[in-house]
Amino acid sequence: MSKLWGGRFQKSTHSLMDDFHSSISFDCRIYRQDIAGSMAHAAMLAQSGIITPQESEQIINGLKEILEDIESGRVQFSTSAEDIHMNVELLLTQKIGAVAKKLHTARSRNDQVALDVRLYLREEIDHICQLLKQLCRQLLDLAENHLDTVMPGYTHLQRAQPVTLAHHLLAYVQMFRRDLDRLADCRRRVNVLPLGAGALAGTTFPIQPELVARQLGFGALAENSLDAVSDRDFAVEFTAAAALIMVHLSRFCEEIVLWSSGEFAFVELDDAFSTGSSMMPQKKNPDAAELIRGKAGRVFGDLQALLVMLKGLPLAYNKDMQEDKEALFDAVDTVKKCLLVFTPMVGSLRFRKENMARAARGGFTNATDLADYLVGKGVPFREAHEMVGKTVLYCLQQGKALEELVLEEMRQFCPPVEQDVYQALDIANCVARRVTLNGPAPSAVRAAIERARRALE
Ligand code: ARG
């Protein structure tokens, strides 16, 4: 088949080459964006007097039919037509004849592909933001039910101080809210119209890109034609934001894996989101969480692929850039799939409150509170720290918790303690006293939930 660019060639491409440089196998997924972009371009060409209104109408109607043909599965794309742009143009020529050949006036595939990918990514960003918001709402609902569910907070994976499950869940809400913010910021730079840049140096035709921008909902026009066709920063930015979403999901999944182990026994996985072993009949594995943790690596790889693809490219367009799509599509698909599974998986967890509370009562998570209590009795903090350290050592030798010591025992190390120390050591009180803005006290967390809900609206 003769190529749309075949004029200066005397020989056809090697069959190996046809297959090698063709991108239709993966860029066929942006057919809708390609057609929408071409419709807007054709309308603008007529409005600018570059083609006639009749020609524009014929082109637009032809494109509409092609869209229907593709959606109803009547189209078989051709590898030798290289990519989605030339496939659509070919289909249009078959459908409406010679006038189709006017569509590409004042346009190159270089600005066209940049347009298509931006349209695609803008839509996907909106979709991912919806999924992130659903996840945040799910976590906020859960948090509301666990304002008083005490659990240990950890540093170094060693029990440190008591917190609540609600507080722990809200930590993730903060991460996902930052992810939303990053996507919104990235979207502004995705939403820039590259059309009009042509191959690299703009065009001699009196085009009106602002009309195309209005029709397609772009917030700005690219200001430099070389940059317009060679910029893939927006794809890198998105993939970096996607990589961080995966980091957050993966950390959460790691906790679910730990918490569902017999050793922690903080959660019971729902059967619907776990699987068994083909050999060991007793097993119930946290596969969904493990897979999400595992898939994080794919998205980091996608980011790396994009960065390396771009770093050595001279201006403006280079064919290397065709490699952006599979990485970008994979990042989008992976993040979406993971969010889609993660939200109901988290919603189906059954938290074992008694085990969490028991874990919080062990491990001396109230030791800092004893030191703070002593500070209240006039002891300088450093000295109080030392006194409590010695008390803990004694408890370890006796196999007791701090609150299990009688006053006389405690006074050997902490002379100022009085009966009210037992109030200070009570785990629920330890949490309830932490009422600072970002603290775990139920009152503080209730207010944090309200703030988060408002921010998500
Ligand atoms: N399939 C190409 C890509 O994805 C479209 C742009 C091709 N431009 C060119 N001059 N060969 O990047």
Side-chain angles (χ1 to χ4, degrees), residues 1-9 11-14 16-38 40-41 66 70 75 77-93 101 103-124 190 192-203 212 222 225-236 238-239 302 305-333:
M1 186 202 309
S2 70
K3 306 282 190 211
L4 290 176
W5 41 253
R8 62 99 68 217
F9 287 76
K11 209 169 143 174
S12 53
T13 18
H14 195 291
L16 282 172
M17 184 58 189
D18 264 345
D19 181 56
F20 186 63
H21 83 150
S22 166
S23 53
I24 188 64
S25 64
F26 49 87
D27 65 18
C28 57
R29 82 150 79 179
I30 52 175
Y31 70 88
R32 265 193 308 111
Q33 292 79 2
D34 194 72
I35 291 172
S38 286
H41 182 65
I66 291 170
I70 297 174
V75 169
F77 290 117
S78 131
T79 308
S80 70
E82 270 182 60
D83 53 28
I84 186 62
H85 325 297
M86 297 212 293
N87 265 278
V88 171
E89 199 178 321
L90 194 68
L91 291 166
L92 190 64
T93 311
K101 300 185 177 180
L103 169 60
H104 212 50
T105 315
R107 188 177 71 170
S108 156
R109 275 184 296 153
N110 297 351
D111 54 353
Q112 188 179 359
V113 70
L115 169 70
D116 294 2
V117 175
R118 283 171 184 272
L119 283 173
Y120 159 81
L121 191 54
R122 190 178 70 184
E123 243 176 70
E124 295 294 1
V190 170
V192 174
L193 178 77
L195 220 59
L200 74 163
T203 172
V212 180
S225 64
L226 293 170
D227 181 51
V229 291
S230 64
D231 171 26
R232 293 295 182 274
D233 293 3
F234 65 91
V236 172
F238 166 79
T239 310
D302 296 330
L306 287 174
L307 288 168
V308 176
M309 180 274 286
L310 275 180
K311 75 175 268 292
L313 297 186
L315 297 185
Y317 178 84
N318 300 268
K319 190 70 172 239
D320 315 45
M321 295 169 93
Q322 178 164 291
E323 292 287 310
D324 64 354
K325 278 168 236 35
E326 283 164 294
L328 186 63
F329 295 164
D330 184 69
V332 166
D333 291 346

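Order of listing sets the numbers, starting from 1, for every ligand and every atom in it. Residue indices begin at 1 and follow the sequence shown. Any value given below was found using the heavy atoms of this structure, including those in side chains, with hydrogens, waters and symmetry copies removed.
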CZ/R232 to CZ/R118 distance, rounded to the nearest 0.5 angstrom?
->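 If we round to the nearest 0.5 Å, R232:CZ and R118:CZ are 8.0 Å apart.
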Check the surroundings of atom CD in E323: do more than 12 heavy atoms from other residues, nucleotides or ligands lie under 6.0 Å from it?
->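 Counting neighbours around CD of E323, 12 or fewer heavy atoms of other residues, nucleotides or ligands fall under 6.0 Å, so no.
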Should we say atom NZ of K319 is surrounded by more than 12 heavy atoms from elsewhere, each under 6.0 Å from it?
->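 Yes, because the 6.0 Å sphere around NZ of K319 holds more than 12 heavy atoms from other groups.
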Checking D19 side chain against L16 main chain: does a donor-acceptor pair fall under 3.5 Å?
->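 Not a single qualifying donor-acceptor pair exists.
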Side-chain (D27) to main-chain (D83) donor-acceptor, under 3.5 angstrom |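 Flag not set: sc D27 to bb D83 has no pair under 3.5 Å.
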Under 3.5 Å, N or O to N or O, is S23 touching ligand 1 that way?
->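 So ligand 1 has an N or O lying under 3.5 Å from an N or O of S23.
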N/O to N/O below 3.5 Å, does that happen between Y317 and ligand 1?
->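 Yes.
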Backbone, side chain, both or neither: what part of K325 comes under 4.0 angstrom of ligand 1, heavy atoms only?
->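 Side chain only; the backbone of K325 stays clear of ligand 1.
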Side chain, backbone, both or neither: which part of H85 comes within less than 4.0 Å of ligand 1 when only heavy atoms are counted?
->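 For H85, the contact with ligand 1 is made by the side chain alone.
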For ligand 1, which atoms, with element, lie under 4.0 Å from some heavy atom of D83?
->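 Answer for ligand 1: 1 (N), 2 (C), 5 (C).
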Among all the protein's non-hydrogen atoms, which is closest to [atom], and how far away is it?
{"atom": "atom 2 (C) of ligand 1", "answer": "Q322 OE1, 3.3 Å"}
{"atom": "atom 9 (C) of ligand 1", "answer": "N110 OD1, 3.4 Å"}
{"atom": "atom 11 (N) of ligand 1", "answer": "R109 NH2, 3.5 Å"}

Side chain to side chain donor-acceptor pair (under 3.5 Å) partners for H41, two or more places apart =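 Checked H41 against side chain to side chain donor-acceptor pair (under 3.5 Å); zero matches.
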